[in-house]
2 protein chains.
Amino acid sequence: MSKVGIRDVAKLAGVSTGTVSRVLNDHPSVTKDVRARVEGIIKELGYLPDPSARSMRSKVSRLIGIVIPDLTNPFFSELVQSAEQAAANHGYNIIVMTSLDHAAKEADRIKQLTSRKVDGIILVPSNDFHTLKLPKGLPIVVVDRLMPGYSGIAADHRNGVRLGVEHLLKLGHRRIGFISGPGHSVPANDRLRGYLDAIEHAGEQADGSAKMAGPPLIAEAAFDYESGRSAGNYLLARARNERPTAIFASSDQQAIGCMRAAHDLGIPVPAALSIVGFDGIPLASMTTPRLTTVKQPIQDVAAAAVAVLLNKQTAPELDDPILFACEVLEGETTAPPQPD
Amino acid sequence: MSKVGIRDVAKLAGVSTGTVSRVLNDHPSVTKDVRARVEGIIKELGYLPDPSARSMRSKVSRLIGIVIPDLTNPFFSELVQSAEQAAANHGYNIIVMTSLDHAAKEADRIKQLTSRKVDGIILVPSNDFHTLKLPKGLPIVVVDRLMPGYSGIAADHRNGVRLGVEHLLKLGHRRIGFISGPGHSVPANDRLRGYLDAIEHAGEQADGSAKMAGPPLIAEAAFDYESGRSAGNYLLARARNERPTAIFASSDQQAIGCMRAAHDLGIPVPAALSIVGFDGIPLASMTTPRLTTVKQPIQDVAAAAVAVLLNKQTAPELDDPILFACEVLEGETTAPPQPD
DNA sequence: TTGTAAGCGTTATCAG
DNA sequence: CTGATAACGCTTACAA
């Protein structure tokens, strides 16, 4: 009872190996009954095609690679999980690799995937990525951190942030601080523009009712918890009637760091300070109070990326990415502002 | 400039394909200078071996599969990330799959990996796993949720919990509650035994100074946030001089849920209640106050699992798992108890 | 529609 | 130590 091959199946089914192969690959030109008989034998023998042999001949590996900066980041782990589910639905499997945000490692990983003959790569570029050029001829879809010149898929960060800030405006806030992401990051800048969109649009209201008070309050920071905390400290370190009554953070982790900062300064949330995050990671609903946040449609993004690689969906044009809408998830960190 | 193969290298180096192959595989019987020349040509041509062809002949895929219940769980994502790094160091790559704690899906995934001809599987069994039998002949190492009858690697949960509870005992706590994991889970029971070890041992102290007050306070719960919260509510819903002054939770997520419960009940942490979690996920240091927790050595576990699969390390005997020691990470949720 | 047979790019078995 | 050469298990023209 050693390894059963395609010839065993062929012999037992009374057909040729070619026919069995055709059955395996859903080739249209096989009669119904022959197909049925062959499939019967396949099941009976518990035959499993050898992927190596298959891929050697056909140049198709049914493998797709995914390279992300850091699997520890809940946003990326959800992305990978979603991609895995989507790929599995099509008979594909996922090879994960993490670049740890290190361009050299990233380049190495991409090369590995190339030589593995994966059918496509989903890439979330590391932050110092620009130096790298991607191999041509292998379908690559850039996700989340879009890069000019490559077809990409992402959430609509800009509009998502705008929705979040408008949520604060609607509550009556007029001094809204913003914790931005690192300046060189594409999504960080998109998010910043969303904030500016909202502020600007508010300033244009005819009756001036939504006019923003004072200059924009922006603090640049990395996306992580500690950076959010110090950015929060920075924004809140001024007289009560000058400091923001609400802060929009570019990531949930920043927002949580900011909550910590407020807590340390004795500023109650949301009574004296509203906070909104961005991402919608599970953690957001586990804070006290629960964080209000703008949720990215990660599953949609992942599914679309897989679909594009499998040619189930036309790839986005270069420099014209596919964007998916975000959604405000109301928690307990937002409330109307107190009078000064 | 199409695909360069082993024969191109052979021709240019003036040797046979066999020799090139031997160079590629570090076969000892190749003279230094021949090897050098071949390696030179390889670099020059940028030749990359084709993994499919390689694996077809050699039956080695340099691929290892990892099946976990849920990548969204930070514990598992760190496990995967560590395994990926370890594997990459040996020229191996990782195929990830998530079972979503669903036995049928898990069985399917394992079958997929088998037919992929991976060289080994790292498995964290789903919770309703018992029904499944693993394919023989393919090296499988069970991680974290050990199963009798399979060789496994894990953190020493039992002793880790004991350390954590003893930390509370040393602070002076005598009514220590315990939120356990689901009753059918192996690690949950290990953790429970660790708690009982500590309590029991404390009761044996000669001078009786550490004698526990009252019966053990144990609440069973799932490992997640919400369950931790309701378990916390349950344990704390009694008169002040009867309720625990400290709670040990079997997971960080439970612990954080428990913090929330305490907060909602108006019980200050750590002033009136100390809390210790288990796992040491990044999230633990992002709470307010920072959670004291018992950290699992995930990286060690992952590296060992990979090493075993690559035969770099002898596999653990069945029913005699390799265990790695945990460590108490002191945060801000633990303090001496208040007098009643 | 189905059978036949030629490879795909390596590794492994022999000789030499 | 090295060179031929036969597999490895399958896909895919090309014929029938």
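Proteins get letters first, then strands, A, B, ... in listed order; numbering begins at 1 in each.
Side chain to side chain, B:Thr72 and A:Glu78 fail the donor-acceptor criterion of an N or O pair below 3.5 Å. A donor and an acceptor atom, one from each side chain of B:Asp108 and B:Gln112, are located under 3.5 Å apart.
With sequence neighbours excluded, the residues that form a side chain to side chain contact (heavy atoms under 4.5 Å, CB included) with B:Ile42 are B:Val9, B:Leu24, B:Val38, B:Tyr47.
Under 4.0 Å is where a charged nitrogen must lie from a carboxylate oxygen, and between A:Arg57 and A:Asp50 no such pair does. The pair A:Arg109-B:Glu84 counts as a salt bridge, with a side-chain nitrogen and a carboxylate oxygen less than 4.0 angstrom apart.
Nucleotide D:dC10 holds its P atom 16 Å from the CG atom of A:Asp26, rounded to whole Å. For A:His27 and C:dT1, the NE2 to P distance is 8 Å, given to the nearest whole Å.
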Study note, to complete from the structure: In B/S/- notation (B base, S sugar-phosphate only, - none; protein heavy atoms under 4.0 Å), nucleotides 6-13 of chain C written 5' to 3' is -BBBBBBB

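Looking at heavy-atom distances under 4.0 Å, A:Ser29 makes contact with a base.
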